[in-house]
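Only one structure is covered here, and it is reproduced in the block below.
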Number of protein chains: 2
Amino acid sequence: MFIKNLPHKTVERLSQYRRALLMILSKEKTHVFSHEIAQMLHITPVQVRRDLMLIGYSGNLRKGYDIKELIDLIGRIIDSEKGQRVAVVGLGNLGKAIISYFKGKRSKLAIIAAFDINPEKINRVYDGVACYHINQVSEIIKQNNISIGIISVPSEQAPEIAETMVLAGVKGILNFTPKPLNVPPYVYLEEYDMITSLEKVAFFAKKNDERFK
Amino acid sequence: MFIKNLPHKTVERLSQYRRALLMILSKEKTHVFSHEIAQMLHITPVQVRRDLMLIGYSGNLRKGYDIKELIDLIGRIIDSEKGQRVAVVGLGNLGKAIISYFKGKRSKLAIIAAFDINPEKINRVYDGVACYHINQVSEIIKQNNISIGIISVPSEQAPEIAETMVLAGVKGILNFTPKPLNVPPYVYLEEYDMITSLEKVAFFAKKNDERFK
DNA sequence: TTATCAATGTGAATCAATAAACAGAAACCC
DNA sequence: GGGTTTCTGTTTATTGATTCACATTGATAA
Ligand SMILES: NC(=O)c1ccc[n+]([C@@H]2O[C@H](COP(=O)([O-])OP(=O)(O)OC[C@H]3O[C@@H](n4cnc5c(N)ncnc54)[C@H](O)[C@@H]3O)[C@@H](O)[C@H]2O)c1
Ligand SMILES: NC(=O)c1ccc[n+]([C@@H]2O[C@H](COP(=O)([O-])OP(=O)(O)OC[C@H]3O[C@@H](n4cnc5c(N)ncnc54)[C@H](O)[C@@H]3O)[C@@H](O)[C@H]2O)c1
């Protein structure tokens with residue numbers, strides 16, 4: 001299913017809508033209003049309706065949106081039909097947190113391999129994900145048609161690992177390392193740093209504190 | 001130091017500039033050009049200059065920006081002069097990853113307490129941070145004037161913990177739980193979900209893949 | 001000394017995201 | 001059965017973020 005040029009932010013919100021809807025889905029509650037979704041995500045109902053308009057979904061005037069249908073439609077838009085496979089490189093605290101968090105959450109997006117350099121971690125299975133030696137990255141990525149890599153190794157190692165993964169055919173990378181990476185334009189790179197999030201919180205907390213007397 | 005109404009995005013980038021600058025800081029390299037900063041963060045040099053203009057920093061036409069000075073100035077803007085204290089609630093894999101990652105990274109932003117409910121974790125010290133029983137949250141936050149809370153407990157527990165922290169006087173919350181929270185307007189809330197990041201990567205990776213042949 | 005070059009700094013223009021405003025539809029109420 | 005309410009869907013306006021375009025500067029070289 002295709003919709004031309006969905007705004008970047010809309011894609012992000014669609015993922016959030018789905019997450020929220022999955023959470024409230026139950027026998028009793030089959031429909032939801034735009035203002036209910038909005039409230040959960042701290043945005044306006046107009047924003048929600050606009051996003052849904054962009055993906056061509058219509059709600060029921062009196063009952064709102066059918067939760068199941070909407071979850072389904074979002075899936076048809078943001079998921080890949082045949083599913084995408086993911087690898088995590090670096091099975092430290094963060095790597096483990098990621099794997100345990102993802103476990104079974106999305107049917108079209110599965111972490112199917114982990115890599116590390118520490119012999120104690122290799123050839124073991126964490127939360128259903130097998131851990132291999134780092135020098136098998138390329139081989140396993142190709143074999144399993146893994147298209148997405150998550151990097152959670154010490155930051156000095158990140159550039160080399162990114163390069164290896166790109167050469168092996170990965171199409172997207174999620175980098176949790178503070179080291180800025182460079183990848184070719186056909187690979188989508190997302191970088192996240194908790195320090196930036198925390199500093200943002202700190203900055204606006206400080207600001208709020210001044211504003212609210 | 002005050003600059004009125006720095007754009008949200010600029011604050012985020014200032015944190016990133018500082019991180020990148022701290023990384024390249026060395027004896028040999030004392031100055032940096034806007035295009036060098038830009039390249040590291042995958043943005044345009046104009047963006048960088050505009051942000052620096054907003055914080056009132058001027059570079060040297062021939063040498064670029066003085067790295068030390070700039071790091072310093074960013075600190076005076078985004079950090080709080082007297083420092084801010086942070087608590088982490090939930091010392092699982094994610095909580096530990098956060099604590100070990102932050103350790104000693106920012107002088108004005110220190111994680112000084114952790115909380116958990118598991119007796120095995122309580123009264124131990126992780127990476128220099130003491131772990132207390134969850135029912136001491138309120139007391140310890142007040143005692144130590146902790147103004148920022150990080151939530152990394154199982155998601156069902158998140159709302160209750162957020163409420164307790166707000167009542168105890170926290171001014172900002174960073175929520176890693178997928179559960180949407182509600183806080184009063186004088187508390188700044190930031191929510192981050194790795195699944196959204198990963199789904200974004202997956203979506204654009206898929207899209208790129210189609211575009212590039 | 002004058003031209004050239006490679007940078008910064010910034011007003012104006014563009015582009016992207018959000019919000020406001022409102023028409024239209026179904027249910028409900030009297 | 002007409003009026004009222006409450007929601008959606010969409011057009012239009014506003015706000016916010018980014019980029020363009022170019023003036024400016026000072027070093028260097030011709
Ligand atoms: N971006 C964030 O928000 C954030 C938060 C926490 C940690 N981090 C970063 O994530 C990374 C991991 O953090 P962590 O707390 O899990 O660290 P960690 O030390 O617990 O884990 C790192 C793992 O990588 C493995 N490793 C080391 N070199 C390797 C290599 N060449 N190939 C494969 N595996 C290798 C280690 O054996 C270890 O298991 C660090 O770079 C840290 O800075 C980022
Ligand atoms: N947002 C993200 O990107 C992301 C990524 C990974 C995990 N998570 C979420 O973060 C949370 C923690 O993940 P994790 O992998 O560290 O899980 P975990 O199970 O390893 O850790 C949770 C910790 O919280 C403690 N805890 C449970 N109830 C508590 C309470 N009432 N008070 C204080 N502590 C309590 C547990 O003892 C445990 O130590 C989960 O909600 C998970 O969904 C989020």
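Quantities reported herein were computed from a predicted structural model and do not represent experimental measurements. Only heavy atoms go into these numbers, but all of them, side chains included; no hydrogens, no water, no symmetry mates.
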Among C:dA20, D:dG26, C:dT10, the one nearest any side-chain atom of A:Val46 is C:dA20
Would you say a side-chain N or O of [X] is under 4.0 Å from OP1 or OP2 of [N]?
{"X": "B:Ser58", "N": "C:dG9", "result": "yes"}
{"X": "B:Arg13", "N": "D:dT18", "result": "yes"}
{"X": "B:Gln47", "N": "D:dT19", "result": "yes"}
{"X": "B:Thr44", "N": "D:dT18", "result": "no"}

Rounding to an integer number of Å, can you tell me how far [X] [atom1] sits from [N] [atom2]?
{"X": "A:Leu61", "N": "D:dC7", "atom1": "CG", "atom2": "P", "result": "9 Å"}
{"X": "A:Met53", "N": "D:dT11", "atom1": "CE", "atom2": "P", "result": "6 Å"}
{"X": "B:Leu54", "N": "C:dG9", "atom1": "CG", "atom2": "P", "result": "12 Å"}
{"X": "B:Leu70", "N": "C:dG9", "atom1": "CG", "atom2": "C1'", "result": "15 Å"}
{"X": "A:Asn5", "N": "C:dC15", "atom1": "CG", "atom2": "P", "result": "14 Å"}
{"X": "A:Asp51", "N": "C:dT18", "atom1": "CG", "atom2": "P", "result": "8 Å"}
{"X": "A:Leu52", "N": "D:dC7", "atom1": "CG", "atom2": "P", "result": "16 Å"}
{"X": "B:His31", "N": "C:dT8", "atom1": "NE2", "atom2": "P", "result": "12 Å"}

Specify the closest pair of heavy atoms between B:Ile146 and B:Arg85, including all atoms of both residues, with the distance to one decimal. CG2-O, 3.5 Å
Between the side-chain atoms of B:Arg62 and the base atoms of D:dT25, is any donor-acceptor pair under 3.5 Å? no
Any donor-acceptor pair under 3.5 Å joining the side chain of A:Arg50 to the base of D:dT11? yes
From the list B:Lys108, B:Arg18, B:Arg106, salt bridge (Lys or Arg N to Asp or Glu O under 4.0 Å) partner of B:Asp79 resolves to B:Arg18
Whether B:Tyr188 and A:Phe204 hold their rings parallel, tilted or perpendicular, with breakpoints at 30° and 60°: parallel
DNA chain D: 5'-proximal contact among B:Arg49 and A:Tyr65 (nearest heavy atom): A:Tyr65
Check this for me, if you would: do B:Lys29 and B:Glu36 make a salt bridge, where the nitrogen-to-carboxylate-oxygen distance has to be below 4.0 angstrom? yes
Determine, for A:Glu190 against B:Lys200, whether the closest basic-nitrogen to carboxylate-oxygen distance falls under 4.0 angstrom. yes
